[in-house]
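What follows is a short report on a single structure.
Keep in mind that this is a model prediction, so the values were computed, not measured. Just so it is clear: chains get the letters A, B, ... in the order the sequence lines come, proteins before strands, and each one is counted from 1.
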Protein chains: 2
Amino acid sequence: MEARRDVYQAIADPTRRAIINMIATQPQNVNAIAEKFDVTRQAISLHIKILNDCGLLAVKKQGRDRVCEARLEQLSEVSAFVDQYRQHWESKLDSLEKYLAKLKQERHGEQH
Amino acid sequence: MEARRDVYQAIADPTRRAIINMIATQPQNVNAIAEKFDVTRQAISLHIKILNDCGLLAVKKQGRDRVCEARLEQLSEVSAFVDQYRQHWESKLDSLEKYLAKLKQERHGEQH
DNA sequence: CCATTATGCAAGTATATGCTTGCAAATATA
DNA sequence: TATATTTGCAAGCATATACTTGCATAATGG
C-alpha cells in the first residue's frame with residue numbers, strides 16, 4: 001500500500017471524503033472519527049494515514065489522543081483541474097436553463 | 001473490474017485525466033488516443049470504457065472508428081465537493097497574499 | 001475478394017486497496 | 001500501582017486495478 005498517493009487518489013474513496021467532511025468543521029481524534037463508521041478503527045486509521053500522507057489533514061498529538069485537523073489546501077489542485085473544463089458543463093446547464101426559460105415563455109404565450 | 005464506478009474514481013487515474021485532457025478540445029478515436037501513451041491500446045481501451053461507464057465521455061461509431069467525445073458535466077459533482085471547502089485553502093492563499101503585500105510595502109518603506 | 005485497419009473480448013498476472021484480527025506501546029485514571 | 005483507554009504496527013485475505021498477450025470481428029481500400 002505504498003504506491004501512488006496524491007489528492008485525486010485520496011478523495012476517490014467515499015469513506016475518506018466522509019472523514020474530510022467530518023473534520024472540516026471540527027477537529028476530532030481517531031476514535032471519535034472511527035465511531036461514526038461501520039468499519040474497524042484500524043481501517044479508519046489507515047484512511048487517516050493516507051489523508052495525512054497527501055497533506056489533506058494534520059495530526060496533532062494531545063496526550064494519548066491524536067487529533068485530526070483538516071488541511072484542505074491541496075484540494076486547490078483538484079479545483080484547478082475541474083475548473084478548466086467548467087465551460088463543458090456550465091454551458092450545458094446554461095443551455096438547459098435557456099431552453100426551460102423559452103419553454104416557459106412559450107407556455108405563457110399559449111395561455112394568453 | 002466491475003466495482004465502484006464514479007467520477008471520483010475515474011479521475012483518480014492520471015492516464016484517464018490525460019485522456020480527458022486530450023479529447024476535451026477535440027474528439028478522437030481510440031487508436032489516436034492510444035498512440036499518445038506508452039501502454040497498449042487495450043489498456044487505453046479499458047480506460048475509455050471506464051470513462052464511458054461513468055459518463056465522462058461518449059463514444060460515437062463512425063464507420064470502423066469509434067470517436068470519443070468529452071462529456072464533462074459529471075465533473076460538476078467534484079466541483080461541488082471541492083468548492084464547499086474553498087474557504088479552507090483560499091483563505092490561506094489570501095493570508096499569504098496579504099503577507100506578501102505587507103512585506104512589499106515594508107520594503108518600500110525602508111528604501112524611502 | 002483479400003489485405004489492412006480499428007476495435008472488442010478473454011485470459012492471465014502483478015500489485016494496490018480496503019478490510020480484518022491480534023498484539024504492543026503510551027497515556028490517563030481509579 | 002493496576003486497569004482502562006487511545007493508538008500504532010504487523011500479518012493475512014479477498015477483491016480491484018492496471019496492465020499484458022492473443023485472438024476474433026467488422027469496416028475500408030486496392
Would you kindly confirm whether B:Ile48 and B:Val67 end up in one hydrophobic cluster when ILVMFWY residues are joined by side chain heavy atoms under 4.5 Å apart? no
What is the distance from [atom1] of [X] to [atom2] of [N], rounded to the nearest Å?
X: A:Gln62; N: C:dA28; atom1: CD; atom2: P; value: 11 Å
X: B:Asp53; N: C:dG8; atom1: CG; atom2: C1'; value: 14 Å
X: A:Ile48; N: C:dC19; atom1: CD1; atom2: C1'; value: 15 Å
X: A:Ile11; N: C:dG18; atom1: CD1; atom2: P; value: 13 Å
X: A:Lys49; N: D:dT7; atom1: NZ; atom2: C1'; value: 14 Å
X: B:Leu46; N: C:dG12; atom1: CG; atom2: P; value: 17 Å
X: A:Glu35; N: D:dT6; atom1: CD; atom2: P; value: 8 Å
X: B:Leu51; N: D:dT17; atom1: CG; atom2: C1'; value: 14 Å

Within the 4.5 Å heavy-atom criterion, are A:Arg86 and B:Ser79 side-chain neighbours or not? yes
Any heavy-atom pair between the side chains of B:Glu77 and B:Tyr8 that's under 4.5 Å? yes
Could you give the distance from CD1 (B:Ile20) to SG (B:Cys68), rounded to the nearest 0.5 Å? 12.0 Å
From [options], pick the nucleotide closest to the side chain of [X]?
X: A:Lys61; options: D:dG8, C:dT27, C:dT7; result: C:dT27
X: A:Gln9; options: C:dT17, D:dT20, D:dT17; result: C:dT17
X: B:Ala43; options: C:dA6, D:dT20, D:dT6; result: D:dT20
X: A:Ile50; options: C:dG18, D:dT6, C:dT7; result: C:dG18

Does [X] make a side-chain N or O approach to OP1 or OP2 of [N] shorter than 4.0 Å?
X: B:Gln42; N: D:dC23; answer: no
X: B:Arg41; N: D:dC19; answer: no
X: B:Asn31; N: C:dT7; answer: yes
X: B:His47; N: D:dC19; answer: yes
X: A:Thr40; N: C:dC19; answer: no

Could B:Lys49 and B:Asp53 be called an ion pair, given the rule that one side-chain N must be under 4.0 Å from one carboxylate O? yes
Between B:Arg66 and A:Ile44, who's closer to the 5' end of DNA chain C by nearest nucleotide? B:Arg66
Tell me if the side-chain of B:Arg64 makes a donor-acceptor pair with the base of C:dT5, cut-off 3.5 Å, by modelled atom types. yes
